[in-house]
2 protein chains.
Amino acid sequence: MEVFLQTVAALNDDTRIKILRFLDTHGALCVCDLQMSFGMIQSRLSRHLKILKEGGFLRVERHGTWAYYSIRTPLDRFRSEALEEIRCLDIELPILNKTSQNGECKV
Amino acid sequence: MEVFLQTVAALNDDTRIKILRFLDTHGALCVCDLQMSFGMIQSRLSRHLKILKEGGFLRVERHGTWAYYSIRTPLDRFRSEALEEIRCLDIELPILNKTSQNGECKV
DNA sequence: TCATTAAATCAAGATATATTGATATATTTA
DNA sequence: TAAATATATCAATATATCTTGATTTAATGA
């Protein structure tokens with residue numbers, strides 16, 4: 001069962017779908033940008049990012065204390081189709097709030 | 001969110017993955033055949049079949065008191081890819097126990 | 001109509017997953 | 001080294017989903 005079910009489980013949550021769509025739209029973002037944009041408690045966000053990463057959808061690149069998450073490429077066929085479906089969803093996303101740009105985050 | 005998340009939710013369960021794989025392998029089967037094969041309580045099976053049907057993976061054809069479930073065709077791209085993934089899984093399936101063939105089910 | 005069988009539904013308890021607040025880890029800068 | 005900030009993890013609770021046993025619905029045939 002393993003990998004496939006983990007991939008499916010990663011998709012099985014509204015919040016994670018939104019995060020995927022958001023990163024697909026805006027490219028790599030650090031946790032604090034996502035946190036500011038979604039107005040979401042940090043531990044919650046961190047958990048969802050972990051599940052998406054372990055589900056094979058995201059990659060992380062660290063720069064100092066910042067962790068930049070982005071859609072992993074290339075995605076395999078199943079994950080690509082999933083992402084394509086997500087692109088077609090009529091969902092409400094937050095506005096991007098890129099506090100980290102100023103070098104000052106203090107989220 | 002609607003349809004896509006419902007589709008994903010349908011996939012998000014070991015038992016349902018096995019049922020899909022089983023029906024993909026053996027074609028249309030009635031509930032009692034599945035029940036005998038999987039050794040599963042009827043209400044539990046019925047629930048999973050409902051979720052798979054509502055997730056767009058299965059169709060039902062009624063013949064008298066029997067309800068024959070089978071993989072719905074054609075499947076859209078996402079569901080097809082999902083099924084393809086399921087075909088590649090290394091999972092243990094029960095042996096087909098087709099009691100209904102004799103016209104006597106008494107499951 | 002009544003009895004029988006297949007399948008669906010419901011309510012209660014069991015299990016899994018998500019959320020929260022607190023704490024831990026790690027990097028940068030003073 | 002110490003303080004500050006970003007991120008990850010943990011433990012407790014809240015919420016959702018699954019399982020079970022009982023009941024209901026529906027079709028068949030006596």
Side-chain angles (χ1 to χ4, degrees), chain A residues 1 5-20 23 28-55 58-70 97-107, chain B residues 1 5-20 23 28-55 58-70 97-107:
Chain A
M1 222 58 103
L5 219 89
Q6 197 174 16
T7 305
V8 168
L11 289 171
N12 194 45
D13 184 279
D14 290 36
T15 303
R16 290 195 287 272
I17 296 292
K18 285 185 184 170
I19 291 171
L20 276 178
L23 289 171
L29 293 172
C30 69
V31 178
C32 61
D33 286 337
L34 289 167
Q35 192 180 344
M36 289 300 290
S37 301
F38 280 90
M40 196 179 292
I41 235 169
Q42 189 265 322
S43 63
R44 181 183 170 201
L45 184 57
S46 201
R47 180 178 196 269
H48 285 305
L49 290 170
K50 183 182 185 184
I51 291 171
L52 284 169
K53 186 181 57 164
E54 290 176 352
L58 299 183
R59 73 193 201 96
V60 204
E61 195 178 342
R62 278 203 157 267
H63 284 110
T65 52
W66 283 268
Y68 285 87
Y69 282 84
S70 56
N97 193 338
K98 214 165 176 175
T99 315
S100 67
Q101 268 183 335
N102 328 326
E104 283 285 324
C105 199
K106 279 172 203 148
V107 71
Chain B
M1 221 60 104
L5 219 89
Q6 196 174 15
T7 306
V8 168
L11 289 171
N12 194 45
D13 184 279
D14 290 35
T15 304
R16 290 195 287 272
I17 296 292
K18 283 184 186 172
I19 292 172
L20 275 178
L23 289 171
L29 293 172
C30 69
V31 178
C32 60
D33 286 336
L34 290 167
Q35 192 179 342
M36 288 301 289
S37 301
F38 280 90
M40 198 180 291
I41 237 172
Q42 190 265 323
S43 63
R44 182 183 171 201
L45 184 56
S46 202
R47 179 179 197 269
H48 285 306
L49 291 170
K50 183 184 186 184
I51 292 170
L52 284 169
K53 186 181 57 162
E54 291 176 351
L58 299 184
R59 73 194 200 95
V60 203
E61 197 178 342
R62 279 204 157 266
H63 285 112
T65 52
W66 282 268
Y68 285 87
Y69 282 84
S70 55
N97 193 337
K98 213 165 178 177
T99 316
S100 68
Q101 267 182 335
N102 330 324
E104 283 286 324
C105 199
K106 279 171 203 150
V107 71

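Residue numbers start from 1 in every chain, and the chains themselves are labelled A, B, ... in the order their sequence lines are given, proteins ahead of strands. The figures that follow rest on heavy atoms only: side chains count, while hydrogens, waters and symmetry mates do not.
Within the model, atoms CG of B/Leu52 and CG of B/Leu11 stand 8.0 Å from one another, a figure rounded to the nearest 0.5 Å. Here the CZ atom belonging to B/Phe38 is positioned 8.5 Å from the OG1 atom belonging to B/Thr15, to the nearest 0.5 angstrom. Considering CG of B/Leu58 and OG of B/Ser70, their distance stands at 7.5 Å, rounded to 0.5 Å. Taking OH from A/Tyr69 and NZ from A/Lys53, the interatomic distance works out to 5.0 Å, rounded to the nearest 0.5 Å. The distance from atom CG of B/Asn12 to atom OG1 of A/Thr7, rounded to the nearest 0.5 Å, is 11.0 Å.
What separates CG of A/Leu52 from C1' of C/dT17 is a distance of 14 Å, to the nearest Å. To the nearest angstrom, C1' of D/dT19 lies 14 Å from CD of B/Gln35. Regarding B/Leu49, its CG atom lies at a distance of 16 Å from the P atom of C/dA6, rounded to whole Å. The CG atom of B/Leu45 sits 18 Å away from the P atom of C/dC10 (whole-angstrom rounding). Rounded to a whole Å, the CG atom of B/Asp14 is 12 Å from the C1' atom of C/dA16. One atom, CG of B/Leu58, and another, C1' of C/dA8, lie 16 Å apart when rounded to the nearest Å. Note: CH2 (A/Trp66) to C1' (D/dA8) measures 16 Å, nearest angstrom. Spacing between atom CZ of A/Arg62 and atom C1' of C/dT25 amounts to 9 Å, rounded to whole angstrom units.
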Where do N or O atoms of nucleotides 18-22 of chain C meet protein N or O atoms at under 3.5 Å, pair by pair?
unit_1: C/dA18; atom_1: OP1; unit_2: A/Arg16; atom_2: NH1; d: 3.2
unit_1: C/dA18; atom_1: OP1; unit_2: A/Arg16; atom_2: NH2; d: 2.8
unit_1: C/dA18; atom_1: OP2; unit_2: A/Arg47; atom_2: NH1; d: 2.8
unit_1: C/dA18; atom_1: OP2; unit_2: A/Arg47; atom_2: NH2; d: 3.3
unit_1: C/dT19; atom_1: OP1; unit_2: A/Arg44; atom_2: NE; d: 3.4
unit_1: C/dT19; atom_1: OP1; unit_2: A/Arg44; atom_2: NH2; d: 3.0
unit_1: C/dT19; atom_1: OP2; unit_2: A/Arg44; atom_2: NE; d: 3.4
unit_1: C/dT19; atom_1: OP2; unit_2: A/His48; atom_2: NE2; d: 2.4
unit_1: C/dG21; atom_1: O6; unit_2: A/Ser43; atom_2: OG; d: 3.0

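Counting only heavy atoms from C-beta outward, the side chains of B/Leu49 and B/Leu34 approach each other to under 4.5 Å.
A sub-4.0 Å separation between OP1 or OP2 of D/dA8 and a side-chain N or O of A/Lys50 is absent. Under 4.0 angstrom from either OP1 or OP2 of D/dA8 there lies at least one side-chain N or O belonging to A/Tyr69. The side chain of A/Thr65 places no N or O atom within less than 4.0 Å of a non-bridging phosphate oxygen (OP1 or OP2) of D/dA6.
Residues satisfying the salt bridge (Lys or Arg N to Asp or Glu O under 4.0 Å) test with B/Glu61, not counting sequence neighbours, are B/Arg59.
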